[in-house]
Amino acid sequence: MARAKIALIGAGMIGGTLAHVAAREALGDVILFDIAEGTPQGKALDIAEATAVFGSDVALKGANDYADIAGADVCIVTAGVPRKPGMSRDDLIGINLKVMKAVGEGIKAHAPNAFVICITNPLDAMVWALQKFSGLPKEKVVGMAGVLDSARFAYFLAEKTGVSVQDIHAWTLGGHGDDMVPMVRHSTVGGLPLPDAVAAGLLSQADLDAIVDRTRKGGGEIVALLKTGSAFYAPAESAIAMAKSYLLDQKRVLPCAVWLSGEYGLSDLYVGVPALIGANGVEKVIEFTTNDEEKAMFEKSVASVQGLLQACKDIDSSLA
Ligand code: A3D
């Protein structure tokens, strides 16, 4: 059987890391696409040479022409610009919306059957625009943010409680902004929902409050440390988990930005919710029960996403 073809649109920090992880895991042949000449070719050659060390038979190729992504099974989009210190994700909207238009048209022309994972920020608006520009089925276009935000939440909980990350299940829902919603009642440490974990003395309420706050600001913490860009290792691993669930029909339930049509009382927008990803793309949206406090936080986060969609429509009238 032919190997899967994975097209990485954007060969920057996340794109290069995606190529490395995809090759190491032998997920499929990799095309690294970028407008910068030489960068995708150089990274592809470097990783191709590494395959002789880690022993993977996948092929890697750098490209500046969309024709090279033809027939891709998965496209992961990181094209655009990342944040620098002092910038919010929303500051990127003008530049990255134009990039989504070019990328969407390229995917539509050359890889219309692909499962598309968008990572470019501001995430919930860019994945929405990418679906519109590409015209691909809504269940085949998703945004990566929740897996990363939830991984940060889980890591901070593991660090504080001393429990293995493998035995922590953490969930964040809503938009990928500082008003994202870490779901305290639905997240567990060793099977205990977090309020019960506090009652059992695994961490204090003050610790939990600080972790929730740090999770919301987790992207900014890395930007402030790196100074020249944003996180890339954990974002790449997160998108690979989503790609694997699709390619291997794993049917994992992962928090992703997905198109909603009535779920959570919302329609016509992308926002982060738990979604079952299998061979057909987004196969099901899982609806968590929410109490009044969680509902209010979710609605606030959704309002931020709706503001970003309006900004996109104001910039590009074809989206209105
Ligand atoms: P970076 O290393 O700058 O890579 C972006 C690449 O996109 C560069 O190589 C550019 O040359 C390329 N590019 C620019 N315009 C185009 C175009 N029109 N077509 C093809 N390629 C183009 O950034 P990065 O890899 O660190 O981050 C990529 C994006 O991911 C940024 O928008 C970040 O804000 C975003 N990001 C999102 C998350 C989420 O959790 C959603 C996390 C971290 C970063």
Side-chain angles (χ1 to χ4, degrees), residues 7-21 31-44 62-66 68-69 75-85 87-107 110 117-130 133-134 142-153 172 174-178 180 215-223 225-242 254-257 270-272 305 308:
L8 307 174
I9 319 286
M13 298 307 289
I14 303 177
T17 311
L18 284 167
H20 188 196
V21 176
I31 299 291
L32 257 175
F33 173 94
D34 204 289
I35 47 166
E37 286 178 20
T39 305
Q41 290 82 0
K43 291 193 179 185
N64 303 112
D65 185 340
Y66 274 105
D68 283 302
I69 74 163
C75 293
I76 308 181
V77 178
T78 59
V81 289
R83 288 197 277 172
K84 299 226 163 53
M87 289 174 93
S88 82
R89 295 177 180 91
D90 303 357
D91 293 335
L92 307 172
I93 201 164
I95 303 172
N96 287 351
L97 187 62
K98 288 199 192 79
V99 175
M100 288 309 101
K101 190 171 171 62
V103 173
E105 289 168 358
I107 292 175
H110 299 282
I117 302 170
C118 181
I119 307 185
T120 302
N121 271 319
L123 189 272
D124 306 272
M126 293 302 103
V127 64
W128 174 85
L130 186 63
F133 290 134
S134 68
V142 297
M144 187 299 291
V147 177
L148 171 65
D149 296 329
S150 303
R152 287 177 173 149
F153 192 15
T172 58
H176 181 58
D178 292 353
M180 69 181 76
T215 300
R216 287 200 168 110
K217 298 174 184 154
E221 183 177 0
I222 305 254
V223 171
L225 289 166
L226 293 180
K227 296 181 187 70
T228 53
S230 51
F232 53 98
Y233 293 113
E237 287 288 354
S238 302
I240 291 286
M242 293 166 66
L254 298 168
C256 311
Y270 275 84
V271 75
V305 173
L308 289 174

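Order of listing sets the numbers, starting from 1, for every ligand and every atom in it.
At a 4.0 Å heavy-atom cut-off, ligand 1 touches L92 through the side chain alone. At a 4.0 Å heavy-atom cut-off, ligand 1 touches L148 through the side chain alone. Looking at N96 against ligand 1, only its side chain comes within 4.0 Å, counting heavy atoms. Residue contacts with ligand 1 for K98 are absent, since no atom lies close enough (heavy atoms, distance under 4.0 Å).
When all heavy atoms are compared, the tightest approach of G143 to M242 is O-CE, 3.7 Å. The two atoms that bring L92 and V81 nearest to each other are CD1-O, 3.5 Å, heavy atoms only. Closest approach of P235 and I14 over heavy atoms only: CB-CD1, 4.0 Å. Smallest separation of non-hydrogen atoms from M13 and K43: N-NZ, 4.2 Å. Taking each heavy atom of A44 and L32 in turn, the nearest pair found is N-CD1, 3.9 Å. The minimum heavy-atom distance between N64 and D34, with the atom names listed, is ND2-O, 2.8 Å.
Close approach of ligand 1 to F33 is summarised as follows: ligand atoms under 4.0 Å from at least one heavy atom of the residue are 20 (C). Every atom of ligand 1 with a heavy atom of L123 under 4.0 Å away is listed here by number and element: 41 (C). Taking every heavy atom of N121 and a limit of under 4.0 angstrom, the matching atoms of ligand 1 come to 32 (O), 33 (C), 34 (O), 35 (C), 36 (N), 37 (C), 38 (C), 41 (C). Within the listing of ligand 1, atoms 39 (C), 40 (O), 41 (C) sit less than 4.0 angstrom from a heavy atom of M144.
For A102, the heavy-atom gap to ligand 1 stays at 4.0 angstrom or more. A heavy-atom separation below 4.0 Å is found between A231 and ligand 1.
Across V103, T228, I119, heavy-atom proximity to atom 30 (O) of ligand 1 is greatest for I119. Summarising the contacts of atom 6 (C) of ligand 1 with T17, D34, L8, I95, the nearest heavy atom is found in D34. Nearest residue to atom 13 (N) of ligand 1 from G16, G80, P82 is G80 (criterion: closest heavy atom). Scanning N64, L18, V81, D124 for the heavy atom closest to atom 31 (C) of ligand 1 points to V81. Of the candidates A36, A234, G272, A79, A79 brings a heavy atom nearest to atom 20 (C) of ligand 1.
In terms of protein heavy atoms, atom 15 (N) of ligand 1 is closest to I35 CD1, 3.5 Å.
Checked against a 3.5 angstrom limit, the closest N/O atoms of M13 and ligand 1 fall inside it. Note: no N/O pair closer than 3.5 Å links Y66 and ligand 1 by distance alone. Ligand 1 has a nitrogen or oxygen under 3.5 angstrom from a nitrogen or oxygen of I14. For a threshold of 3.5 Å applied to N or O pairs, the pair formed by H176 and ligand 1 contains at least one separation below that value.
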